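Atoms within each ligand, like the ligands themselves, are counted from 1 in listed order. Values in this document were obtained by computation on a predicted structure and should not be read as measured data.
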Amino acid sequence: MTVDATEIQQGAPAAASADLVEWVTTVAELTKPDAVYWCDGSEEERDRLRAEAVASGQFIPLEKRPGSFLVRSDPADVARVESRTFICSEKEEDAGPTNNWADPAEMKATLMPLFDGSMRGRTLYVIPFSMGPLGGNISRLGVELTDSIYVVLNMRIMTRMGAEALKLIGEGQYWVPAVHTVGYPLVDADGNRRDDVTWPCNEEKYITHFPETREIWSYGSGYGGNALLGKKCYALRIASVLARDEGWLAEHMLILKITGPDGRVYHLTAAFPSACGKTNLAMLRPTIPGWKVETVGDDIAWMRQGEDGRLYAINPEAGFFGVAPGTSLDTNPTALEALDHDTIFTNVALTDDGDVWWEGMTKEPPAHLIDWRGNDWTPESGVPSSHPNSRFTVRADQAASISPEWEDPTGVPIDVILFGGRRASNVPLISESYDWNHGVFVGATVSSEQTAAAEGAVGSLRRDPFAMLPFCGYNMADYWAHWFRVGEKLGDKAPHIFQVNWFRKDSEGNWLWPGFGDNARAIEWALRRINGEVEAVDAISGRIPVEGDLNTEGLDLPEGTYEKLFALDPEAWSVEADLTEEYFAKFGDKVPAELHTQLEQLRARIAAAREA
Ligand code: TSX
Ligand code: MN
């Protein structure tokens, strides 16, 4: 039987505010679940929901990893769906040319019939959560309503979820409402019941954001950013709008703390498009003696000017939702070691002895596996055993590299911002921006080569400004203007901006740079620069190291590697400048004048290099 308003009011915890109970009641009257359950975030609750998910067949317990489970999604529900992601602002120009726009009233008119009865036969779970440390000044609250236990258990790892967040909401703090349904009711309007499936979802999907009313409605998918609404939907798309209006930054950036041999501590944030190894960088083990990296976050940074005028960052998340394939003891031992207990694995392969495996975990694949679709798999199968976008969900503090400051509500002061992409040519290993505005230009023009997993021809360039292309909740050109405004406010307290590229290749297609732990060498140079310890060479893309200043001790790089890593060809950069001009043209007269100025200055540097 569908739950009624009286039952909901009677079942609500005492700490729940009247406006929250009223909203839950409204959504329950629309979606018509059998029951409403208020999550408290306790371990008892976690254990009960895990047991329920095991009993239903959705969660497969992993004998080798205590408290860990394998989940296989529907093969048609394996990733975020950008084509079904909408920014529903009143004006189309406020979504901009890089977002799918829909009129908010029309979208609501489309969604309401879909949500009507969408939870029949299921339980509606109320998930109060905090993005960022509970009660922190930079932190923000939200409530997700969902009909998926998988979502509840993932949100419990990825956010601070439960009674304490509910209490803060009850005390009147601001919160964002977010509604999620997998769109697979177990009972139809006539009362006919059907069996559940292990991964309920709907062919039709809508991931919708309402930036003016600041709400999120997600229909039809149970996977990742489509369903864990605190992450991309709230912490980036909605938060970027809050940040614009309130003068802060909500960014797709990792945060790390790095300590040098002299004990000096620095904090960096870094934005990279997908498939550049952000989680690996966040958990870096430097190869240069005396350096240590600690992790604050691997995906999202919320940054705000502190009382001392500097920019402070928090990680709004509480866990890592990382891509599994490629994670190994060689590429990221810290991540792998974090996964030995209390981890949810989605769409990886199952070994015969009750463990998980994915491509790249070990050099030799096991002789037999059950693949992510549930079929027998051998190394001769000719298909990957794990989906390329398979994931682990793990609490952040299970990583041995977690920084003690990761839960500091005031955040960490940022010294350096990195922008990177996967570029086989043109972009040097590292270059320092001439100033903040040049850094914003660099961020706005970030591009990355297409990998086999993504749409578009392999090797073709995809622009991904600030790595925010699918995550900016408003017009990208207005977002660039916001970055210029923030720089003005920060003045000489602003972090220094650098561009990096770990992925440059020689003419034969060999990697020029060893990457991974050796990336600390590039970071070391950046820190020596901000300390004024080394000179630099003015170049087309920015200031590059004087040969010999980049620490390559013990690397045994082939002769001529420095020249190849830092080669800047004026002809190739002239082509890049033309492409940038074309790209900016897509945004019409919204493009901040300063970006045109920066493009002119780039062209002047190209011209000067041609003469030289
Ligand atoms: O994550 C990567 N990083 C950042 C690490 C902190 N990857 C993995 C691919 C992205 C998901 C890298 N791959 C990096 C890198 O810096 N660099 C490369 C390219 C590369 C791959 C292998 C080797 C060298 C460079 N060397 C050998 O295989 C021996
Ligand atoms: Mn991300």
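When hydrogens are left out, the protein atom nearest atom 18 (C) of ligand 1 is F503 CE2, 3.7 Å; that is the closest non-hydrogen contact. Of the protein's non-hydrogen atoms, the one nearest atom 11 (C) of ligand 1 is G277 N, 3.6 Å. Looking at atom 1 (O) of ligand 1, its nearest protein heavy atom turns out to be N280 ND2, 2.8 Å. The shortest contact between atom 9 (C) of ligand 1 and any protein heavy atom is with R422 NH2, 3.7 Å.
Of all protein atoms, those of element N, O or S that lie under 2.8 Å from the Mn ion (ligand 2) number 3.
Not a single protein heavy atom sits closer than 4.0 Å to atom 27 (C) of ligand 1.
The aromatic rings of Y583 and W480 are tilted relative to each other, their planes meeting at an angle between 30° and 60°.
The residue from P514, G515, G326, G420 that puts a heavy atom closest to atom 24 (C) of ligand 1 is P514. Checking W502, F272, W511, F516 against atom 19 (C) of ligand 1, the nearest heavy atom belongs to W511.
Partner of I300 under the side-chain contact (heavy atoms from CB on, under 4.5 Å) criterion, out of M253, K231, E251: K231 alone. Screening I216, L228, L229 for a side-chain contact (heavy atoms from CB on, under 4.5 Å) with Y234, the sole residue that qualifies is I216.
Using a 4.0 Å cut-off between charged nitrogen and carboxylate oxygen, D245 and R214 count as a salt-bridge pair. Between E215 and R237 there is no salt bridge, since no side-chain N of the basic residue sits under 4.0 Å from a carboxylate O of the acidic one. With respect to the salt-bridge test (charged N to carboxylate O, under 4.0 angstrom), the residues R160 and E317 do not qualify.
Nearest heavy atom pair, residue Y312 against residue I138, reads O-CD1, 4.3 Å. Across every non-hydrogen atom of C201 and G220, the tightest pair is CB-O, 3.3 Å.
Between the side chain of N99 and the backbone N or O of P470, no donor-acceptor pair lies under 3.5 Å.
Residue N519 has at least one heavy-atom neighbour below 4.0 Å for each of these atoms of ligand 1: 4 (C), 5 (C), 6 (C), 15 (C), 16 (O). Atoms of ligand 1 lying under 4.0 Å from at least one heavy atom of L284, given by number and element, are 6 (C). In summary, the atoms of ligand 1 found under 4.0 Å from a heavy atom of W513, numbered by their order in the structure, are 24 (C), 25 (C).
How far OG of S148 is from OH of Y223: 13.0 Å, rounded to the nearest 0.5 Å.
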- Message: Evaluate W513 against F503 for ring pair (Phe, Tyr, Trp, His ring centres under 6.0 Å), listing each step before the verdict.
- Response: CA-CA 7 Å; W513 182 248; F503 300 94; over 10 Å; no

